[in-house]
A.B. asks: 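Sharing a structure here in structure tokens format.
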Amino acid sequence: MTSFFDGIAPIRYEGPQGDNDFAYRHYNPEEVILGKPMKEHLRFAVAYWHSFAWEGNDPFGGQTLIRPWQPQDSMERAKLKADAAFELFGILDAPYFCFHDADVRPEGDSFAENHARLDEITDYFGQKMEETGTGLLWGTANLFSHRRFMSGAATNPDPDVYAYAAATVKSCLDATQRLGGENYVMWGGREGYETLLNTDLAREREQAGRFLCQVVEYARKIGFEGQLLIEPKPQEPTKHQYDYDVATVYGFLKDFGLENEVRVNIECGHAVLAGHSFEHELALAGALGILGSIDMNRNDYQSGWDTDQFPNNVPEVALAYYEILRAGGLGRGGTNFDAKLRRQSIDPADLVLAHVGGMDTCAAGFKAAARMLEDGELEEARQARYAGWDSSDLLGQDLEAIAQRVIEQDLDPQPRSGRQERLENLVNRYL
Ligand code: XUL
Ligand code: CO
């Protein structure tokens, strides 16, 4: 058993007054809020890729994070990595984790070898999950890192790559099901294009739709009980990605008749890249009935990159959880930290403290959101704004009848204040 986090004791809730870095100040897993323990609302998950597979590289430089499971090219070291990962889940008391196939097993020389390796590590995870009680929030396939996927997976111009991708998703869905995964995520990492000059957009869209139908069909066939989720992102790595944002994904799902089969996993940083706020994407998914789960992080607002930083802004997070609560909560989804350390944060302790801060930020934001909802003043103000519609039959009428009414009643609507500043001041009282 590795002791990568040697000397770091399990993190406990000590309340907001303490000065212990290695304690939760706001995340009190058993505290009952809106009728159930906080841990059941938030359903935190650690992302395997950022925390254990990423080595600190950026576009200008290589590895900065030195870990005992490197180089990541043998099953023995893949298991060492798993030992450290489960050690972190235990220290944090994180109920869930998430992984891609490529994070957890070394790349083999053939599909069959990759498959066998994934199988072996799935068994290893299964044992560890049983011993520790950690659950799998979601599994997914990495269809974007290897050079075979450089021109896309489902949207590739080469049908053999489509086939390879389909077989990979099948193996990852099987592994997710074996581990009792509560969701399966599809992020179209390279499902987009660099230039229209070499791209048949209509054909690629059709391929992506058919691929998704095949995944849904297979999930049903094996009796997968979790949610199937698409993760929207507008660009990065490709210049234009097809799953641009929640609205685009919904149109795509409708087109292929999948709006009742597939939901969305919304990531804060992706919403920002799409020119939206996180809460906008959450509210829209809630309104459309497709909110599935969230990838919690933050982007640097100046750089315009997907910086995947740990969240640390309580007011922003509060508005996000407010929309989640208004939509009925996360259900089978959860709060996955799709967030990575900065490349200078090279100590094992940094990994622990990043998650402690992220979980506390979420807990504080969530508690504020719950108070906002419980007090009801915000919702009352919203309802009052639309009160005229409660007794109106306008939407059922035709244009002629409406025009007639305007003339008969000599309508002269008077503008009313939207009271935005008052509402913003009200929100600040909960923080
Ligand atoms: C990439 C991203 C992915 C997905 C899973 O920006 O967010 O890590 O969450 O493939
Ligand atoms: Co993500």
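Small disclaimer: the values here were computed from a predicted structure and weren't measured. We use all heavy atoms of the structure for the numbers below, so side chains are in, but hydrogens, waters and symmetry mates are not. Whatever order the structure lists ligands and atoms in, that order sets their numbers, starting from 1.
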A.B. asks: How are the rings of Phe144 and Trp187 set to each other: parallel, tilted or perpendicular (split at 30° and 60°)?
C.D. replies: perpendicular

A.B. asks: Around ligand 1, what residues show up once you keep those with a heavy atom under 4.0 Å from it?
C.D. replies: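 Protein residues near ligand 1 are Trp49, His100, Trp138, Trp187, Glu231, Lys233, Glu267, His270, Asp295, Asp306, Asp338.
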
A.B. asks: Can you tell me how the ring of Trp49 sits relative to the ring of Trp138, calling it parallel under 30°, perpendicular over 60° and tilted otherwise?
C.D. replies: tilted

A.B. asks: Count, excluding waters, the protein N, O or S atoms that are closer to the Co ion (ligand 2) than 2.8 Å.
C.D. replies: 4

A.B. asks: Are more than 12 heavy atoms from other residues, nucleotides or ligands located less than 6.0 Å from atom CD of Glu424?
C.D. replies: yes

A.B. asks: Spell out, as yes or no, whether a donor-acceptor pair under 3.5 Å connects the side chain of Arg263 to the backbone of Leu228.
C.D. replies: no

A.B. asks: Once the angle between the rings of Phe366 and Tyr321 is folded into 0 to 90°, is it parallel (under 30°), tilted (30 to 60°) or perpendicular (over 60°)?
C.D. replies: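 Aromatic pair Phe366/Tyr321 classed perpendicular.
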
A.B. asks: On the 0 to 90° scale, with breaks at 30° and 60°, tag the His280-His276 ring pair as parallel, tilted or perpendicular.
C.D. replies: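 Because their plane-to-plane angle is under 30°, the rings of His280 and His276 count as parallel.
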
A.B. asks: Got more than 12 heavy atoms from elsewhere within 6.0 Å of CD, Gln63?
C.D. replies: yes

A.B. asks: Which word best sums up how the rings of Phe337 and Phe44 line up, parallel for under 30°, tilted for 30 to 60°, or perpendicular for over 60°?
C.D. replies: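 The arrangement is parallel - the two ring planes meet at less than 30°.
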
A.B. asks: Give the intermediate values and the outcome of side chain to side chain donor-acceptor pair (under 3.5 Å) for residues Gln309 and Asn299.
C.D. replies: CA-CA 6 Å; Gln309 290 167 259; Asn299 270 13; over 6 Å; no

